[in-house]
K.L.:
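This is the structure, below, for whatever I ask next.
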Amino acid sequence: MSEHQNQSAETAKEDLEGLKKSPSGADVSASGPQSKFRKILAKVNAFWDSLDEKEPDPPPPPEKPLKESVQAFIERCRDREKRTVMLKEFGEWCRTMFFRGMVYFVLFALTIWGTIWALDFSENHRIKFFPPDEVVDYLTAEHETIEKAAYEMTPRAGKDDNISFDHFDAKLIETVKPIRIYSDEYGVYFMTSKGWYNGEHGIFIAKDEENMPPDINWGLIEGRIYTYAIFD
């Protein structure tokens with residue numbers, strides 16, 4: 001009876017050990033509260049370990065095959081045909097860059113020369129709006145006599161495209177040096193210059209200073225005498 005009980009106890013012990021080794025046995029042994037606490041603790045430890053992990057270093061950049069490029073260049077230099085092609089390509093590149101540089105240089109030189117020529121032309125051919133000081137002084141001093149002579153011309157001749165210099169004092173003609181004198185309903189014009197670049201310049205004696213001709217640039221000298229410019 002005692003042997004049978006012993007055998008039964010050993011058999012039960014063996015069955016219990018086999019149950020623990022089997023998957024179902026693992027579930028049974030891990031089903032307690034202590035096992036759940038261990039699982040939670042393991043997850044917490046795994047989380048903190050993941051925070052302590054360093055970011056992996058970036059992979060090193062791929063090395064440029066400099067050695068291979070130099071080797072290929074040396075091989076091209078050793079090969080006669082490849083060397084000839086390479087020198088031809090280099091010569092064509094040099095010629096192209098040379099001609100481009102010449103074109104840029106010529107354009108730059110032309111730009112500088114054109115700027116200098118334009119400034120010089122403007123300085124030498126530009127007509128000053130106001131006449132020289134001696135002319136202004138004369139017109140200021142004699143403006144009443146000049147206005148009277150011009151006033152006598154405009155009612156009699158009215159619009160005249162070519163007035164004779166003899167109608168005015170020789171001192172006026174000598175000082176102003178007009179190339180043409182003409183009149184219209186606004187007054188008398190002593191034109192001193194005219195050209196495509198500067199337009200028309202001269203001295204204008206107004207019949208009525210309140211009624212000036214249109215399309216004219218004028219500046220008062222004295223009384224009814226003005227310097228004027230007309231640009232077409």
Side-chain angles (χ1 to χ4, degrees), residues 93-232:
W93 179 83
C94 290
R95 285 194 296 271
T96 301
M97 297 304 295
F98 173 77
F99 285 117
R100 286 183 179 178
M102 288 297 297
V103 170
Y104 294 150
F105 176 78
V106 170
L107 291 176
F108 177 76
L110 288 175
T111 301
I112 297 299
W113 177 82
T115 303
I116 295 174
W117 179 86
L119 293 175
D120 184 67
F121 183 88
S122 176
E123 183 64 25
N124 294 330
H125 294 81
R126 180 174 56 88
I127 303 298
K128 292 183 178 179
F129 182 61
F130 274 87
D133 293 340
E134 57 271 17
V135 176
V136 173
D137 293 340
Y138 169 77
L139 295 173
T140 301
E142 302 293 334
H143 75 93
E144 293 181 355
T145 303
I146 298 170
E147 291 171 7
K148 183 178 178 181
Y151 181 78
E152 292 176 353
M153 284 298 305
T154 48
R156 180 171 60 84
K159 185 174 182 180
D160 192 341
D161 292 334
N162 192 10
I163 299 175
S164 175
F165 291 7
D166 297 335
H167 294 294
F168 298 93
D169 184 71
K171 180 64 175 178
L172 173 63
I173 301 302
E174 180 183 352
T175 304
V176 177
K177 296 181 177 61
I179 59 176
R180 176 190 171 200
I181 303 175
Y182 66 96
S183 65
D184 58 14
E185 64 271 23
Y186 298 102
V188 180
Y189 302 81
F190 288 77
M191 184 174 68
T192 56
S193 66
K194 185 174 183 180
W196 63 269
Y197 182 71
N198 292 292
E200 180 181 332
H201 286 256
I203 302 300
F204 174 67
I205 296 92
K207 182 179 178 181
D208 181 5
E209 63 268 21
E210 299 296 332
N211 186 23
M212 297 294 287
D215 302 328
I216 185 175
N217 298 311
W218 51 267
L220 178 64
I221 293 179
E222 189 69 28
R224 291 188 287 118
I225 297 181
Y226 300 84
T227 179
Y228 79 93
I230 300 175
F231 300 98
D232 297 331

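In what follows, residues are counted from 1 in the order of the sequence shown. Reckoned from all heavy atoms, side chains included, excluding hydrogens, waters and symmetry mates.
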K.L.:
On a heavy-atom basis, which atom in Asn198 and which in His201 lie closest, and how many Å separate them?
P.N.:
O-NE2, 3.3 Å
K.L.:
Which pairs count as salt bridge (Lys or Arg N to Asp or Glu O under 4.0 Å) when at least one residue sits in residues 102-111, sequence neighbours excluded?
P.N.:
none
K.L.:
How long is the straight-line distance from OG1 of Thr145 back to NZ of Lys171, given to the nearest 0.5 Å?
P.N.:
13.5 Å
K.L.:
Say you draw a straight line from CG of Asn217 to CD1 of Ile230; how long is it, rounded to the nearest 0.5 Å?
P.N.:
9.0 Å
K.L.:
With sequence neighbours left out, what residues match Asp166 under side chain to side chain contact (heavy atoms under 4.5 Å, CB included)?
P.N.:
Ser164
K.L.:
Which pair of heavy atoms, one from His143 and one from Gly223, lies closest together, and at what distance?
P.N.:
ND1-CA, 4.0 Å
K.L.:
Ile146 versus Ile225: any side-chain heavy-atom pair under 4.5 Å?
P.N.:
yes
K.L.:
With rounding to the nearest 0.5 angstrom, report the CZ to CD1 distance, Phe231 to Ile216.
P.N.:
10.5 Å
K.L.:
Evaluate the side-chain proximity of Thr192 to Ile127: yes if any heavy-atom separation is below 4.5 Å, no if none is.
P.N.:
no
K.L.:
Before you tell me yes or no, could you show the steps for Val135 and Ile221 under side chain to side chain contact (heavy atoms under 4.5 Å, CB included), namely the whole-Å CA-CA distance, both residues' side-chain angles and the distance that decides it to 0.1 Å?
P.N.:
CA-CA 10 Å; Val135 176; Ile221 293 179; over 6 Å; no
K.L.:
Is it the case that atom CG in Asp120 sees more than 12 heavy atoms from other parts of the structure closer than 6.0 Å?
P.N.:
yes
K.L.:
Provide the closest heavy-atom pair for Ile179 versus Phe165 in the form atom of the first, atom of the second, distance.
P.N.:
C-CZ, 4.1 Å
K.L.:
Nearest 0.5 Å, what's the OH-CZ distance between Tyr226 and Phe130?
P.N.:
11.0 Å
K.L.:
Side-chain polar contacts of residues 102-115 - donor-acceptor pairs under 3.5 angstrom, sequence neighbours left out - could you list them?
P.N.:
unit_1 : atom_1 : unit_2 : atom_2 : d
Thr111 : OG1    : Leu107 : O      : 2.8
Thr115 : OG1    : Thr111 : O      : 2.8

K.L.:
Is there a side-chain contact between Val136 and Thr227 (heavy atoms, below 4.5 Å)?
P.N.:
no
K.L.:
Which pairs with one or both residues in residues 128-139 pass side-chain hydrogen bond (donor to acceptor under 3.5 Å, both in side chains), sequence neighbours excluded?
P.N.:
none
K.L.:
So how far is it from Tyr197 OH to Arg126 CZ, rounded to the nearest 0.5 Å?
P.N.:
8.0 Å
K.L.:
Ile205 and Phe190: side chain to side chain contact (heavy atoms under 4.5 Å, CB included), yes or no, with the steps?
P.N.:
CA-CA 8 Å; Ile205 296 92; Phe190 288 77; 3.1 Å; yes
K.L.:
Tyr189: which residues meet the ring pair (Phe, Tyr, Trp, His ring centres under 6.0 Å) condition with it, sequence neighbours left out?
P.N.:
Tyr182, Phe204, Tyr228
K.L.:
Using the salt bridge (Lys or Arg N to Asp or Glu O under 4.0 Å) rule, collect all pairs that involve residues 139-149, keeping only residues at least two apart or in two chains.
P.N.:
Glu147-Arg224
K.L.:
Could you give the distance from CD1 (Ile203) to OG1 (Thr175), rounded to the nearest 0.5 Å?
P.N.:
11.0 Å
K.L.:
Do you know which two heavy atoms are closest between Gly219 and Phe129, and how far apart they sit?
P.N.:
N-CZ, 3.7 Å
